[in-house]
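To start, the structure itself, in structure tokens.
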Protein chains: 2
Amino acid sequence: MDDEDPIRLSAPAELPGEDTQAHRFGRAREAQATAVTEDYVELIDDLVTTGGEARPTDIARRLGVAHATAIKTIARLKRDGFAVSRPYRGVFLTEQGRELACRVRARHRLVVEVLTTLGVPEEVAEADAEGIEHFVSPATLAAFSAFLDRRDR
Amino acid sequence: MDDEDPIRLSAPAELPGEDTQAHRFGRAREAQATAVTEDYVELIDDLVTTGGEARPTDIARRLGVAHATAIKTIARLKRDGFAVSRPYRGVFLTEQGRELACRVRARHRLVVEVLTTLGVPEEVAEADAEGIEHFVSPATLAAFSAFLDRRDR
DNA sequence: TGCAAAATGAAGCATAGGCTACAAATTGCG
DNA sequence: CGCAATTTGTAGCCTATGCTTCATTTTGCA
Ligand SMILES: [Mn+2]
Ligand SMILES: [Mn+2]
Ligand SMILES: [Mn+2]
Ligand SMILES: [Mn+2]
């Protein structure tokens, strides 16, 4: 059926269709647009669960951004219904925020586990996963899960 | 050795150190910052190789963005030494651009191959890889390569 | 050959997500 | 208790990356 062309060193034998390619890039742009939100809700949920509260300063320090940046992003989270907060009180997730945090954390862990299973060193896996996680679709997550199950037993 | 805590449903037993976590997020932000550049040079190289030239309009259509957006991004590529172009002529990569395109393409392919090997459907793998690729470090790439070698034989 | 269509470029606008600098509120401690 | 340190908030600035609109240049074809 597919007669493999000889491998070229510098370019694909054929490009995908324009629409197909545009769609792929569009999907990646959409995923990127939610990445920051996902990281914040996951972190806030972690902080609240382990320490009882999530202060803007702590959030900023853990993300490695200026506190003013964190505060502005938190304002967007509130605007979009993921969090609530009152002046000088910590930030808390809404039901919608907790739901997102839960999914995001599960996905993050699964990505890390797949990476380490493939032989990626723990710390590298954690670092790479911080970016990779946002682009892993449900179908890929399912495949990851099945792969780990297959391996475990 | 590592006495596993009982799995918690909603939060990690312990958070990573602040500095560690900040460093991971910072790495992801850096990778993100180069993602658009990487996609453009890979695409331009593909277009030039398969069609002899890369016109702004074609680039825009394949990326799914307005032509004005592509033109502005191309200006950045030129500013940063990855491409050259003269008015109304196609865009061409510099040596630096080709070098980047080559690395980026190899990485893209390796990511897709690993995903499909793990059981991710071809088209999903291509779509997810478009985002994932930008966050895969050299160490992870090496692990991916080793994994595929192991499997192939 | 001349003109309409297509491609290219420029300008202006918006949002996200960074930053620094400064102001105000809260906390905690001597 | 009162003041200094910390935290929080605000304002203003920047770049990247989108967009639409309009002008200009090229191209292709009748
Ligand atoms: Mn992340
Ligand atoms: Mn994460
Ligand atoms: Mn990509
Ligand atoms: Mn790619």
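Below, chains carry the letters A, B, ... as their sequence lines are ordered, and counting in each starts from 1.
Within the structure, the salt bridge (charged side-chain N to carboxylate O under 4.0 Å, His left out) test picks out the following pairs touching residues 116-143 of chain A (sequence neighbours left out): E123(A)-R24(B), E126(A)-R24(B), D128(A)-R27(B).
Atom pair R29(B):CZ and dA16(D):P shows a separation of 16 Å (rounding to whole Å applied). Counting to the nearest Å, the P atom of dA16(D) and the CD atom of E38(B) are 16 Å from each other. Note: CD (Q32(A)) to P (dT15(C)) measures 19 Å, nearest angstrom. For E30(A) and dT17(D), the CD to P distance is 18 Å, given to the nearest whole Å. If you take CG of D39(B) and C1' of dG18(D), they are 15 Å apart, rounded to a whole angstrom. Atom CZ of R61(A) is separated from atom C1' of dT6(D) by 11 Å (rounded to the nearest Å).
In this structure, R62(A) contributes its side chain and A22(B) its backbone to no donor-acceptor pair below 3.5 Å. Checked by atom type and distance alone, the side chain of T49(A) never pairs as donor or acceptor with a backbone atom of D46(A) at under 3.5 Å.
Counted by atom type alone, Q32(B) and H134(B) present zero donor-acceptor pairs between their side chains at under 3.5 Å.
Aromatic rings from F135(B) and F135(A) are positioned such that their centres are separated by under 6.0 Å.
At dC19(D), one or more side-chain N or O atoms of T69(B) fall inside 4.0 Å of OP1 or OP2 (strictly under the cut-off).
Using a 4.5 Å heavy-atom cutoff, the side chains of E53(B) and L47(B) are not in contact.
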Item to check | Stepwise side chain to side chain contact (heavy atoms under 4.5 Å, CB included) check, K72(A) with T69(A) | outcome: CA-CA 5 Å; K72(A) 263 201 257 191; T69(A) 298; 6.0 Å; no

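Ion pairing between a basic and an acidic side chain is recognised when a charged N comes within 4.0 Å of a carboxylate O; D58(B) and R55(B) show no such pairing.
The stretch residues 73-81 of chain A touches DNA chain C through R76(A), R79(A), each having a heavy atom within less than 4.0 Å of the strand.
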Polar atom pairs between nucleotides 8-12 of chain C and protein, under 3.5 Å, N or O only, would you list them?
from	atom 1	to	atom 2	distance (Å)
dT8(C)	OP1	R55(B)	NH1	3.1
dT8(C)	OP2	T57(B)	N	3.0
dT8(C)	OP2	T57(B)	OG1	2.4
dT8(C)	O2	Y88(B)	OH	3.4
dG9(C)	OP1	Y88(B)	N	3.1
dG9(C)	N7	H67(B)	NE2	3.0
dG9(C)	O6	H67(B)	NE2	3.2
dG12(C)	O6	K72(B)	NZ	2.7

